[in-house]
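Right, one structure below, let's go through it.
Counting from 1, the numbers follow the sequence of the chain as shown.
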Amino acid sequence: MTLAMLPNLVLLQLETPRPLNLALESFVAGLLVALALLVVLSYRPLRDRALGLAGLFGLVAAGAWIAFSGIAAALLPAACTPWIRPLSLALGALCLALWPLIASQLLSASPGARALDPIQRVVGLCSLLATAMALVPWPPSRHLAEILLGLIAPLMAGLTLSAGFRARRDMVGIASALGAATVALLVCCATLWAVALGWLGSEAGIATVEVALVALTALLGWSMLHRMAELNLTTQQARAAQLAAAERQAEELEALVENRNLELSTRLRDLNEARQTAEQANLGLQRAMDQLEQAASTDRLTGAWNRRRFEEAVLPEIALAHRRREPLSLLMFDLDHFKRVNDTYGHGMGDLVLVGTVQCIREQLRASDALVRWGGEEFLVMAPATRLEGAMGLAEKLRAALAARVFPGAGHVTMSLGVAEYMLGEGLREWIDRADQALYQAKAGGRNQVQAAPAADPSEGSATLSRSLFEVVWESAYESGNIIIDTQHKKLFRLASALMSVITEDRPLADVALSLETLLAHTAQHFHDEEALLREAHYHDLPHHAAIHASLLTKARQLQADVEANRLDFGKLATFLALDLVKGHILTEDQSYFAHVPSTAGLDEIPPAGA
């Protein structure tokens, strides 16, 4: 602050005994620091620039008072005394630079006060210039800074008071407190000049400055509290307005739902006639869409595949299912009572519902699945590598997602789904017809549900579709009764089967290496755990069994080295998996110790490694 403007008074304060003790001076400094901390802590949740500037002003003013009052001289070594005077001067100048910025922020609601902002910014820049001059280690520069601050202080106070008077006319409540704080600041400046000119004694001057500082702290603190209260009130009003708007929207939505339910109940009496009308309208729409988009690969409205694109893509998938014995499923779904949407809200809303339905379905599909607009509100989903059980789960997921979606202006829309898994040997038309029959069953059963096509005839060889040609399948007859052994054996079966699938699908060699490495890691862990259990059970043939484990691991590592060297021998790898590891060891050698291991062992019963 300007408490540090006059060097003679500073030297007098440093050298002459004062009636006020160091405790009182520290109390005044503590008030300034407390003000700064209060405002800084309030700035974080409120994010108000005026609070941040006020907190900085409090800290700088506290520093200026500490340097001026003698606290710094009492606490710092004598070698630092020459720097106390320029530091006090610089901090005082910085306070004068911050004050117009604080006033501008607090009175920003007043147009008249804002008109003085350019002049106050110029005064603030001059104060910053004085701050820099005070830190220059050259006596004339410091004297010039003192003179400059002596001119700036009353000018700054006058501008702030003028802005405060204008803000009062504009009904800004904080203007009075800010004007009083400015008067306290001006009293500090005037007292310092009066003491420097000999008009006022030094002791009386210091006491006056202390009282003015306390008043300044109290008034500025009250101004900041008023500012916080205004900000909190504004925040609460905004939140109340948001809550009120949300409540109004909820009430409107509830009323809309009640109206839609009433309309639905009324139209259910005319269900048969409305259904026939909807089918006729959809057939006409289907013919029109087929003619307009015959040459296109996607539906112009929804972006889904059209029939032509589907027929081009499904035939290769069927051929792949035959060659690799992989499953392939088809989902057919239809929007329930879609005609009512068109009749009630118009075809424009119907188109929006179709587009929104496609967006909702696509969010739930995998990258490999294909969505087809089959006609009108009827769609297909082709799901490669998916059995009937998985397709049923996917269909239920799609049904639930659409049922939960709200279409603005139309409310909730549901759909019925039919699911069919492709059977080897059947034609595309028969496959789609089976899905269509399942869809009809879903509609006949009350809509908004999923139905599966009838199970395939065992004589048609559908069982061969569920398994890969080289798949290694676990059966209950292989169980030992020990949860550790059986769990790990099942996992090895799955990993061996997965490795076979990777090889037969002509996947990249890197995928084969990763799958083999995973199988090898789990095999080594299984052998370790198995030997620990047999050691705990005092199995008599453990050394021989451990030797077989070591031999299998050696052979597996050799195969892994061949794969990494790009020397994959499918025959050797298949023989190792099917004959050596699965049939030769798990289904033959391991059978010999089943009677020696406990059948109720849990995962916590595995002895520690090396036991």
Side-chain angles (χ1 to χ4, degrees), residues 278-279 281-318 320 328-386 390-391 393-420 422 428 431-432 435-436 439 442 448 450:
E279 290 176 352
N282 288 333
L283 287 175
L285 180 61
Q286 174 66 51
R287 288 191 295 269
M289 291 298 295
D290 288 343
Q291 293 174 358
L292 291 174
E293 301 180 4
Q294 183 177 4
S297 62
T298 57
D299 176 59
R300 292 181 182 179
L301 176 63
T302 63
W305 286 8
N306 61 8
R307 285 195 174 199
R308 179 180 179 183
R309 177 72 178 275
F310 169 70
E311 292 172 355
E312 291 175 352
V314 71
L315 295 179
E317 291 291 341
I318 292 177
L320 190 64
L328 179 64
S329 293
L330 184 69
L331 287 68
M332 177 178 287
F333 64 88
D334 187 33
L335 299 182
D336 298 330
H337 305 300
F338 181 69
K339 180 183 180 302
R340 294 179 183 174
V341 178
N342 287 332
D343 292 344
T344 306
Y345 312 109
H347 288 278
M349 177 59 69
D351 291 344
L352 293 177
V353 170
L354 290 175
V355 172
T357 299
V358 169
Q359 292 176 348
C360 178
I361 297 302
R362 277 179 170 166
E363 291 172 357
Q364 311 299 324
L365 295 179
R366 302 168 301 181
S368 59
D369 298 332
L371 176 60
V372 184
R373 186 178 182 186
W374 194 242
E377 71 275 16
E378 196 173 42
F379 295 83
L380 298 177
V381 174
M382 182 176 63
T386 305
L394 175 61
E396 179 60 28
K397 180 182 178 182
L398 300 181
R399 185 204 64 78
L402 183 63
R405 190 182 184 98
V406 177
F407 292 89
H412 290 278
V413 177
T414 61
M415 66 179 178
S416 303
L417 299 98
V419 182
Y422 177 72
L428 176 61
W431 185 28
I432 296 177
D436 191 29
L439 173 59
N448 193 23
V450 180

Report task. Start with the C-alpha gap between Asp436 and Leu439, add the side-chain angles, then the distance that decides, and say whether side chain to side chain contact (heavy atoms under 4.5 Å, CB included) holds. Result -> CA-CA 5 Å; Asp436 191 29; Leu439 173 59; 4.2 Å; yes
Report task. Could you walk me through whether Val341 and Phe407 pass side chain to side chain contact (heavy atoms under 4.5 Å, CB included), step by step? Result -> CA-CA 11 Å; Val341 178; Phe407 292 89; over 6 Å; no
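The residue from Val358, Leu301, Thr298 that alone fulfils the side chain to side chain contact (heavy atoms under 4.5 Å, CB included) condition with Arg373 is Leu301. Exactly one of Leu398, Leu335, Thr302 qualifies for a side chain to side chain contact (heavy atoms under 4.5 Å, CB included) with Thr357. That residue is Leu335.
Rounded to the nearest 0.5 angstrom, Met415 CE and Ile361 CD1 are separated by 3.5 Å. One distance of note links CZ of Phe333 with CG of Leu371; it measures 5.5 Å at 0.5 Å rounding. The CG atom of Leu428 sits 12.0 Å away from atom CD of Glu317, with the distance rounded to the nearest 0.5 Å. Here the CD1 atom belonging to Ile432 is positioned 7.5 Å from the CZ atom belonging to Arg307, to the nearest 0.5 angstrom. Between the CH2 atom of Trp305 and the CE atom of Met382 there is a distance of 5.0 Å, given to the nearest 0.5 Å. The CE atom of Met332 sits 12.5 Å away from atom OG of Ser416, with the distance rounded to the nearest 0.5 Å.
His347 places no side-chain N or O within donor-acceptor distance of the main-chain N or O of Asn342, the cut-off being under 3.5 Å.
In this structure, Thr344 has no side chain to side chain donor-acceptor pair (under 3.5 Å) partners at least two apart in sequence or on a different chain. Contacts of Val450 classified as side-chain contact (heavy atoms from CB on, under 4.5 Å), with partners at least two apart in sequence or in another chain: Met392, Ala395, Glu396, Arg399, Leu417, Val419.
Within the 4.5 Å cutoff, no side-chain heavy atoms of Thr386 are placed close to those of Leu394. Tyr345 places none of its side-chain heavy atoms less than 4.5 Å from the side chain of Val353.
Aromatic ring orientation, Phe310 versus Trp374: perpendicular (interplanar angle above 60°, classes split at 30° and 60°).
Shortest non-hydrogen contact noted between Pro384 and Leu328 is CA-CD1, 3.5 Å. Taking both residues in full, the closest heavy atoms of Arg405 and Cys360 are given as NH1-CB, 3.7 Å, listed atom of the first, atom of the second, then distance.
Annotation: salt bridge (charged side-chain N to carboxylate O under 4.0 Å, His left out) contacts involving residues 346-367, sequence neighbours excluded, comprise Arg366-Asp369.
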